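Take this structure, written in structure tokens, and hold onto it; I'll ask about it next.
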Amino acid sequence: MSHGAPLFVGNWKMNKNASQTRSFIEAFVPLADAIPPHIRIAIAPPFTALGSAAAALSPSRRVALAAQNVSEFPEGAYTGEIAVSMLAEFDVAYVILGHSERRLYQRESDAEIGAKVRATLAAGMTPILAVGESLAVREEGHAVAHVLAQIDGAVGALDDESAAQLVIAYEPVWAIGTGKNCDCERAQEMALAIRQRRSAFAEIPILYGGSMKPENAAAYVRMPDIDGGLVGGASLDPRSFADLIAGAVAA
Ligand code: PEP
């Protein structure tokens, strides 16, 4: 953990309505205040809760907001989509893009994810590009090649200045929501391969995601190329998310 300020992002997926989001924030902000201020913390509620989250977070500003997706288009006839300008209204700082659930259920391609990355950067927000291999790909021995191809496919054409503004989250698909976390050495091996892919990635935050818990987070962030976590299930409870971050950064 040595590339800029560590970053922990809670990906709530399709969990919590607006009032549940407010309750979480009331409980979480005092806990987050006790975490060293250089540690960056963000939560990614569903779109419908971004307004109440923004209002509840604004007095302290200790915790940033992230979105779980965005459209690549600026506005127009795209029923059901959300534009970057709509996220900007709520001071959204990060946008998670390319999550494996969206790649699977919405069939998002690397090209589409790349377009969303460019729209996000153009709006002054930070994309968190999620990449990761399935169990079959890992067992065939192609995990690194697969992940690097996802990165090249989405952001290979970005100029260096833009590429240096990314956050990349390595999330092995077989470790997401399964309780089967990837061992730290394998996660580090992948994080290093990502970092070495291009010189613009030398200082970007690379996160691990996949069944990260208070009990195992410290072991990941002790790895030289892992700079924090993208956390699903363990970010839904304020105490568990705070314990995870506090434990990880105390290590
Ligand atoms: C995720 O969805 O990004 C994730 C890492 O989920 P979990 O922590 O529940 O495995």
Side-chain angles (χ1 to χ4, degrees), residues 1 6-16 20-21 24 28 40-47 49 63-70 92-108 113 116-117 120 126-135 137-138 143 146-147 150-151 154 166-184 186-188 190-191 194 205-221 223 225-249:
M1 186 160 76
L7 171 64
F8 293 85
V9 182
N11 174 21
W12 289 1
K13 315 189 186 195
M14 200 170 70
N15 293 292
K16 297 194 194 291
Q20 291 167 326
T21 297
F24 175 98
F28 183 65
R40 292 181 292 164
I41 305 172
I43 52 171
F47 289 129
V63 178
L65 261 188
Q68 298 178 21
N69 179 39
V70 78
V92 167
Y94 302 94
V95 185
I96 301 168
L97 295 169
H99 192 280
S100 60
E101 288 151 15
R102 294 202 61 83
R103 292 178 190 262
L104 178 65
Y105 302 129
Q106 276 72 37
R107 301 255 175 267
E108 283 192 5
I113 294 161
K116 292 176 182 214
V117 166
T120 299
T126 300
I128 300 175
L129 173 63
V131 292
E133 81 286 358
S134 65
L135 190 56
V137 168
R138 175 149 293 268
H146 179 86
V147 164
Q150 286 179 322
I151 292 174
L166 298 174
V167 173
I168 297 181
Y170 168 54
E171 299 207 305
V173 177
W174 47 273
I176 296 179
T178 58
K180 288 186 205 152
N181 57 307
C182 174
D183 70 58
C184 306
R186 280 192 287 178
Q188 162 59 24
M190 187 66 82
I194 292 170
I206 297 180
L207 312 183
Y208 170 76
S211 297
M212 195 184 244
K213 302 272 179 273
E215 308 80 71
N216 63 25
Y220 289 105
V221 300
M223 296 289 131
D225 288 288
I226 298 178
D227 308 302
L230 181 55
V231 185
S235 72
L236 290 171
D237 174 75
R239 168 63 63 185
S240 142
F241 193 34
D243 283 353
L244 184 157
I245 301 167
V249 298

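From a predicted model like this one, the values you see are computed outputs, not experimental measurements. Every number for a ligand or one of its atoms is a count from 1 in the order of the listing.
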If you compare all heavy atoms of Ala66 against all heavy atoms of Pro45, which two are closest, and at what distance to 0.1 Å?
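Closest approach of Ala66 to Pro45, heavy atoms only: O-CD, 3.6 Å.
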
Check Ala130 against Glu171 and note the closest heavy-atom contact, atom names and distance.
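In terms of heavy atoms, the two residues are closest at CB-OE1, 4.3 Å.
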
Considering residues at least two apart in sequence or located in another chain, which fulfil the salt bridge (charged side-chain N to carboxylate O under 4.0 Å, His left out) criterion with Asp183?
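Salt bridge (charged side-chain N to carboxylate O under 4.0 Å, His left out) check on Asp183 returns Arg186.
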
Write down, by chain and number, every protein residue that brings a non-hydrogen atom to less than 4.0 Å from an atom of ligand 1.
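The 4.0 Å shell around ligand 1 contains Asn11, Lys13, His99, Glu171, Ala175, Ile176, Gly177, Gly209, Gly210, Ser211, Leu230, Val231, Gly232, Gly233.
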
So does Cys182 get a backbone contact from the side chain of Tyr208, meaning a donor-acceptor N/O pair under 3.5 Å?
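Yes.
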
Return the set of residues passing side chain to side chain contact (heavy atoms under 4.5 Å, CB included) with Leu236 (not counting sequence neighbours), or none when no residue passes.
Trp12, Asn15, Lys16

Partners meeting ring-ring contact (aromatic ring centres under 6.0 Å, His included) with Tyr170 (sequence neighbours left out):
none

